[in-house]
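So that the names make sense, note that chain A is the first sequence line, chain B the second, and so on, each numbered from 1. Quantities reported herein were computed from a predicted structural model and do not represent experimental measurements.
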Amino acid sequence: MRNQEVAEIFRRVAALLEIKGENPYRVRAYQRAAQNIEALTQDVEELARRGQLTRIPGIGADLAGKIKEILETGTLSLYEELKREVPPELLKFLEIPGLGPKKAKLIYETLGIKTLEELERACREHKIARLPGMGYKTEENILKGLQFLKEKVGRRPLGEVLPLAEDLLEYLRKKGPVERISVAGSIRRRRETVKDIDILVTSKRPHEVMEVFVRYPRVIEVLAHGETKTSVRVKPGIQVDVRVVDPECWGAALAYFTGSKAHNIRIRELGVQRGLKINEYGIFRGNERIGGKEEEEVFAAVGLPWIPPELREDRGEIEAAQEGRLPRLVEYEEIRGDAHVHSKYSDGHSSLEEIAAFAESLGLSWVGICDHSQGLKVAGGVPVEALMEKKRAIEEFNRRSKRVKLIFGAEVDIRSDGTLDYPDEVLAEIDLVIAAIHTGFQQSEEQLTSRAVAALSHPLVHALAHPTGRLLGEREPYALDLKKVIETAARHGKALEINAFYNRLDLNDVNARAAKEAGVKLLIGTDAHLADQMAQIHLGTAVARRAWCEKEDVLNTLSYEEFLAWLRRARGK
DNA sequence: GCCGTTTTCGGCCCGACTGTTTTCAGTCG
């Protein structure tokens, strides 16, 4: 899949056009095209072959031609031209908060500055303040922005920020005079990474809420402190915005601040078609306010049912809602088991008893104990003898335990040559076999793909764990033809994992959706190495929801007996 | 550059805030 490559070029073209001062709607066309290609669950190359590129929303004849050009030549002549006109280093300027395309262009054209270092020096020498429309505040803000970039406080994994957001909600509920309160923004949509925390509140005494908020113990800096909007930075450097709105505006404001931006734009466009104006204060016909107290009213005003936040990315949810085919998303409460947990038998830190007890506290009824296989020495891979001991221990445990059942499993290493790290007669003893690539990340796409394909084709394997190997903010997915992997899983009736560990989330939303569309079942596993980490199971469910998965797409919704039956079926009994 | 129960041109979502300005452009979400 080269979708990402095409999207990235379009995104850069959009930014370069923006700096050039081109027609903003042309810029938006490239941005929208990039976003829609990125969200595509199909292979853009295949759509190109079939002449179906213009079926992608936002792709017309012109952009279809440009996509073909990228696929054929690896680049785009327009992009190469733009790079000659506008130094591509300037794209970095746009990452500085407060510095947009207009100022970037002015700084480059009048001062010839094109690197971040030169920009910093120019600020210190007060060369920027002399430019028209800029002043000392501008310099100060650019310097602050540069510092911000240096500290690399960009997007953080959802799993890292969510506990903080929940603690803040709890704090405000307890200490502030709040009536309704909710997290909004990308956290509410459960995006895999988030930049800041948005909290929406209704209150009769907004002033007090804000006073309480700025006294939250982890606040390190107050950025803005007003009656309706207050922004602070809290301890690990995350910005938190709290907005207090009138109860009559709650629904409109919640929809507005939940986003995504692309989704909101579509909703408002639908509003315009109906002669309505929709903003964070409500729904308006002319000057008359006709609703906005509840979120449902916003959707109803444009003829839609309520759309779950996880779907609000303008990835087809609006069309689906219009046609009455929104998925009935898998619910967080429907998850009954965690398929991938490490115990003391390999590099985990918890005993079988501790794992089961914690699972019970989470309301789960089964856990797959999948320790590493023998060859993975660095992770305490389990030798065959110890593996059989573990099997007996699990059987013994299950005889005693009524509420939580453990499943004898293994995370079996897929070796460099595509063979598995236990012999077949051992694999046959293991009830749940998830295969995974842990070594040889530098291999070619052909090699890596054939390893994954070989594992999924093996009759005793049930699923492929963390299929792409990516680590959020640390490691890119390794070269893998995921389309082939998904096809293989579909052909053999195998599952693909949604690894719920907070910095993996692998498969991600788009890939999991592609798997679902291919008829592949998804299996959520936390990869917990400490029983407490099983609490992250909801992150995997969130990915499944963002992937449009329904209950039957996710094997974790099965009961213990049903799941065992699936495991046997997947091996052709 | 896209797109059409306002169809092949002329629109394209909406408002707040900031900083620089005397009425507004740029940026952001």
For [X] and [N], give me the distance from atom [atom1] to atom [atom2], rounded to whole Å.
X        : N      : atom1 : atom2 : value
A/Gln31  : B/dG1  : CD    : C1'   : 12 Å
A/Leu106 : B/dG19 : CG    : C1'   : 15 Å
A/Asn264 : B/dC28 : CG    : P     : 18 Å
A/Glu269 : B/dC14 : CD    : P     : 9 Å
A/Ile142 : B/dG26 : CD1   : P     : 14 Å
A/Ile67  : B/dG1  : CD1   : P     : 13 Å
A/Ile107 : B/dG26 : CD1   : P     : 13 Å
A/Leu131 : B/dA25 : CG    : C1'   : 15 Å

With heavy atoms under 4.0 Å as the rule, sort [X] into base, sugar-phosphate or nothing.
X        : result
A/Phe284 : nothing
A/Lys66  : sugar-phosphate
A/Ile96  : sugar-phosphate
A/Pro132 : nothing

Given the [atom1] atoms of [N] and [M], what is the spacing between them in whole Å?
N      : M      : atom1 : answer
B/dG10 : B/dG15 : C1'   : 24 Å
B/dC14 : B/dC9  : P     : 25 Å
B/dC28 : B/dT23 : P     : 26 Å
B/dT20 : B/dT27 : C1'   : 13 Å
B/dC3  : B/dT8  : C1'   : 9 Å
B/dC17 : B/dC12 : P     : 24 Å

Would you please test A/Gln4 and A/Glu38 for side-chain contact (heavy atoms from CB on, under 4.5 Å) and show each step? CA-CA 6 Å; A/Gln4 199 57 47; A/Glu38 207 164 39; 2.7 Å; yes
For nucleotides 15-18 of chain B, print each protein N/O atom paired with a nucleotide N/O atom at under 3.5 Å, atom names and distance only.
unit_1: B/dG15; atom_1: OP1; unit_2: A/Lys277; atom_2: NZ; d: 3.0
unit_1: B/dG15; atom_1: OP1; unit_2: A/Asn279; atom_2: ND2; d: 3.1
unit_1: B/dA16; atom_1: OP1; unit_2: A/Tyr281; atom_2: OH; d: 3.4

Pairing of [X] and [Y] as salt bridge, 4.0 angstrom limit:
X        : Y        : value
A/Glu80  : A/Arg84  : no
A/Arg50  : A/Glu46  : yes
A/Asp509 : A/Arg191 : no
A/Lys66  : A/Asp62  : yes
A/Glu331 : A/Arg545 : yes
A/Glu170 : A/Arg173 : yes
A/Glu89  : A/Lys92  : no
A/Arg312 : A/Glu295 : yes
A/Arg205 : A/Glu211 : no
A/Arg12  : A/Glu8   : yes

For a side-chain contact (heavy atoms from CB on, under 4.5 Å) with A/Gln52, tell me which candidate from A/Ile59, A/Leu47, A/Val44 qualifies. A/Leu47
Can you confirm whether more than 12 heavy atoms, excluding those of A/Tyr332, are under 6.0 Å from its OH atom? yes
Between residues 70-85 of chain A and DNA chain B, which residues have a heavy-atom gap below 4.0 Å? none
Any A/Tyr25 side-chain N or O less than 4.0 Å from OP1/OP2 of B/dG1: no
Nucleotide opposite B/dG26 in a Watson-Crick or G-U pair, distances under 3.5 Å: B/dC17
Distances under 3.5 Å between nitrogen or oxygen atoms of protein and nucleotides 3-8 of chain B:
unit_1: B/dC3; atom_1: OP1; unit_2: A/Gly58; atom_2: N; d: 2.9

By nearest atom, which of the nucleotides [options] is closest to the [X] side chain?
X        : options               : value
A/Lys261 : B/dG26, B/dG29, B/dC2 : B/dG29
A/Leu63  : B/dG26, B/dC2, B/dG19 : B/dC2
A/Arg26  : B/dC12, B/dG29, B/dG1 : B/dG1

Is a donor-acceptor pair below 3.5 Å formed from side chain A/Asp198 to base B/dG29, judging by atom type as modelled? no
